[in-house]
Asks: 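Just passing along the structure, written as structure tokens.
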Amino acid sequence: MSEKQEIVRLAAKGDGVTAKGAHFARTVPGDQVDGEGNVIRGPHHVEPPCAHFGTCGGCQLQHGDDTVLRDFVRWRVVNAAAGQGPEARELLEEHLSPPKSRRRATLHALRVKGKAALGFREAGSHRLVNLSQCEILRPELAQLAAPLRKFVAAHGPKTGVDIAVTLSDQGVDLGLVNLPLEGLEATEAALDFARDHALARMTIDQGYGAETVWEPEPVTITLSGLPVSMPAGSFLQATDDAEARMVSDALEWLGDARLVADLFSGLGTFAFALASSGPDGRKVLAVEAEQAAHLACKTASARIAGRVHAMHRDLFRNPLQPAELSRFDAVLLDPPRAGAKAQIGAIAQSDVARVVYVSCNPSSWARDGAVLAEAGFKLTKLRPVGQFRWSTHVELVSLFERVS
């Protein structure tokens, strides 16, 4: 019989890996695998809290304890940096969001023979896992699963329905995609559902954009104490705690900067925090391409005496140029998963001294970070962030400073 092999780390997709490079699914460091493939659980292997683990594609790492999760989040970020070149002078403690903390998610539903399945898809499949519990969603969102399943069973189409749920200041914002309300009965049922469950808003998208059918009062999200209009489908950080951690780091690292450019600013998550802190007279330029988010930021900025100036600009096609950037003491950017190749190139050619880079993709961040390093920046602080608990999706917040 072959000798036992010990799992020493997790791969990027969550498989356990031995020192010889063999991969074993649903194992964690400290586990052992015998010659017949049987897993002998180690000290960090725990019982998954959700009955759907193993089939539901929403979580990949529920069988590991917090030590495993923290090590994985840290390794993903450090490994990405090592592959491209930037080395952090100070690696800060990783942030890990707790269970039941996700304030936004997209669920899927399908009506079959008068019934409906609702939940996340299986890993690598279009098949739905009909959720009876969820350990990642905020309770306000999870408790809507059963009534939504009943609603789709009664009024859903024969094709799949996507259901976006987001927790706003006023309650749950519900977005239904590919669910036509055909006839008076279906329309009244939708309005009854929204009223009975005290929804903040209900929108229906039948291929022409989200149309609001229920919104008793304007939906907002509070950012640094300022209620900001929240258009349907707006991007928010997945958890409140991770947002607070990343905002706190940005405020500390940019503490004395008087003029800051916030690029890919969205609704103003970082812009309003920066404007409300730091030296007297600090000004923030918030640049965003998505029109609805830009207008929401612009409207809110009028209430804080012009400390935030909102600019509508596509930074992929038309990045801020070096001469424009050189006016600023610092730049903060939080781009989509693709990163910010063109904008980073312009920052590298500018006179900007500090860059806070928030990223949801360690790979594109490392690529962009290598460009900054080549231009004379040093990666001085780096914090891994695991706000998508039990998943292999990892984020980070970092500080680059130009070496004089």
Asks: For the residue pair T106 / D162, report whether a side-chain donor-acceptor contact shorter than 3.5 Å exists.
Replies: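 Absent: no donor and acceptor within the cut-off.
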
Asks: I'd like to know if E94 and R74 make a salt bridge, using a cut-off of under 4.0 Å between side-chain N and carboxylate O.
Replies: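 Salt bridge: yes.
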
Asks: Of all residues at least two apart in sequence or in a different chain, which pass the salt bridge (Lys or Arg N to Asp or Glu O under 4.0 Å) check with E211?
Replies: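 Once residues adjacent in sequence are excluded, E211 has no partner under the salt bridge (Lys or Arg N to Asp or Glu O under 4.0 Å) criterion.
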
Asks: Measuring only between side-chain heavy atoms, which start at C-beta, is V172 closer than 4.5 Å to L167?
Replies: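 Result yes, sub-4.5 Å side-chain heavy-atom pair found.
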
Asks: Just so I know, are the side chains of V33 and I7 near enough to count as touching, which here means a heavy-atom distance under 4.5 Å?
Replies: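 Side-chain contact under 4.5 Å: yes.
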
Asks: Rounded to the nearest 0.5 Å, what's the gap from CG on D351 to CZ on F328? Could you check?
Replies: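 Between D351 CG and F328 CZ, I get 13.0 Å after rounding to 0.5 Å.
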
Asks: For E87, does the CD atom sit with more than 12 other heavy atoms under 6.0 Å from it, leaving out its own atoms?
Replies: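 No - once you tally the heavy atoms of other residues, nucleotides and ligands closer than 6.0 Å, there are 12 at most.
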
Asks: Using residues 228-238 as the side-chain source, report each donor-acceptor pair under 3.5 Å to any protein atom, sequence neighbours left out, with the distance given to one decimal.
Replies:
| residue | atom | partner | partner atom | Å |
| --- | --- | --- | --- | --- |
| S234 | OG | P231 | O | 2.5 |
| Q237 | OE1 | Q387 | NE2 | 2.8 |
| Q237 | NE2 | D334 | OD2 | 3.3 |

Asks: Where is the tightest heavy-atom contact between L118 and A109, given as atom of each residue plus distance?
Replies: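 For L118 and A109, the tightest heavy-atom pair comes out as CD1-CB, 4.0 Å.
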
Asks: Not counting sequence neighbours, which residues clear side chain to side chain donor-acceptor pair (under 3.5 Å) with E135? List them please.
Replies: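 Scan of E135 (side chain to side chain donor-acceptor pair (under 3.5 Å), adjacent residues dropped) gives Q133.
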
Asks: Not counting sequence neighbours, which residues clear salt bridge (Lys or Arg N to Asp or Glu O under 4.0 Å) with R127? List them please.
Replies: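 For R127 the salt bridge (Lys or Arg N to Asp or Glu O under 4.0 Å) partners, ignoring immediate neighbours, are E122.
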
Asks: Go through the side-chain N and O atoms of T239 and D241 and say whether any donor and acceptor fall under 3.5 Å apart.
Replies: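 D241 and T239 do have a side-chain donor-acceptor pair below 3.5 Å.
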
Asks: Side chains of D31 and I40: closer than 4.5 Å at any heavy-atom pair?
Replies: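 A side-chain contact is absent here, since even the closest heavy-atom pair is not under 4.5 Å.
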
Asks: Kindly write out the residues that satisfy salt bridge (Lys or Arg N to Asp or Glu O under 4.0 Å) with R138, not counting sequence neighbours, or none if the list is empty.
Replies: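 With sequence neighbours excluded, R138 shows a salt bridge (Lys or Arg N to Asp or Glu O under 4.0 Å) to E140, D240, given in chain and number order.
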
Asks: Name all residues meeting the ring-ring contact (aromatic ring centres under 6.0 Å, His included) criterion together with H44; count only those two or more places apart in sequence or in a different chain, and write none if there are none.
Replies: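 Once residues adjacent in sequence are excluded, H44 has no partner under the ring-ring contact (aromatic ring centres under 6.0 Å, His included) criterion.
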
Asks: Consider only side-chain N and O atoms of N318 and D314, and report whether a donor and an acceptor are under 3.5 Å apart.
Replies: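 Side chains of N318 and D314: no pair found under 3.5 Å.
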
Asks: Looking at OG of S350 and CD of Q343, how far apart are the two atoms once the value is rounded to the nearest 0.5 Å?
Replies: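 With rounding to 0.5 Å, OG (S350) is 9.0 Å from CD (Q343).
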
Asks: Applying ring-ring contact (aromatic ring centres under 6.0 Å, His included) as the test, list every pair that has at least one member in residues 93-122; sequence neighbours left out.
Replies: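 Sorted result for residues 93-122: empty, none.
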
Asks: Report yes or no: do R337 and H393 form a side-chain donor-acceptor pair below 3.5 Å?
Replies: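 The criterion, which ignores hydrogens and geometry beyond distance, is satisfied for H393 and R337.
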
Asks: Check whether the side chains of S168 and D173 place a donor and an acceptor atom closer than 3.5 Å, and report yes or no.
Replies: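 Checked: S168/D173 side chains show no N/O donor-acceptor pair below 3.5 Å.
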
Asks: Any luck finding a side-chain donor-acceptor pair between E90 and T380 under 3.5 Å?
Replies: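 Looking only at side-chain atoms, T380 and E90 do not form any donor-acceptor pair under 3.5 Å.
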
Asks: Out of curiosity, L107 CG to L131 CG, how far, rounded to the nearest 0.5 Å?
Replies: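 One gets 7.0 Å once the value is rounded to the nearest 0.5 Å.
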
Asks: Filter on side chain to side chain donor-acceptor pair (under 3.5 Å), then keep only pairs touching residues 287-308, sequence neighbours left out; what's left?
Replies: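 Those involving residues 287-308 do not exist here.
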
Asks: According to salt bridge (Lys or Arg N to Asp or Glu O under 4.0 Å), who are the partners of E215, at least two apart in sequence or on a separate chain?
Replies: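 Counting only residues at least two positions away or on another chain, E215 forms a salt bridge (Lys or Arg N to Asp or Glu O under 4.0 Å) with R201.
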
Asks: Test of understanding: with side chain to side chain donor-acceptor pair (under 3.5 Å), list the residues that count as partners of E374, not counting sequence neighbours.
Replies: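 With neighbours one apart ignored, the set is empty.
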
Asks: Kindly write out the residues that satisfy side chain to side chain donor-acceptor pair (under 3.5 Å) with E47, not counting sequence neighbours, or none if the list is empty.
Replies: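 Testing E47 for side chain to side chain donor-acceptor pair (under 3.5 Å), a comparison that skips the adjacent residues, returns R41.
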
Asks: Do Y357 and F377 have their ring centres less than 6.0 Å from each other?
Replies: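 Judged by ring-centre distance (under 6.0 Å), Y357 and F377 do not meet the cut-off.
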
Asks: Let me confirm one number: the CG-CD distance from L285 to E324, rounded to the nearest 0.5 Å.
Replies: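 Output value for this atom pair is 9.0 Å.
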
Asks: Which value, rounded to the nearest 0.5 Å, describes the distance between T187 atom OG1 and I204 atom CD1?
Replies: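 If I round to the nearest 0.5 Å, the distance is 8.5 Å.
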
Asks: When you measure from the side chain of R354 to the backbone N and O of W253, does any donor-acceptor pair fall under 3.5 Å?
Replies: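 Present.
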
Asks: Report yes if some heavy atom in the side chain of D66 is under 4.5 Å from a heavy atom in the side chain of L96; otherwise report no.
Replies: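 Yes, their side chains come closer than 4.5 Å.
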
Asks: For S132, what residues pass the side chain to side chain donor-acceptor pair (under 3.5 Å) criterion, not counting sequence neighbours?
Replies: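 Scan of S132 (side chain to side chain donor-acceptor pair (under 3.5 Å), adjacent residues dropped) gives H52.
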
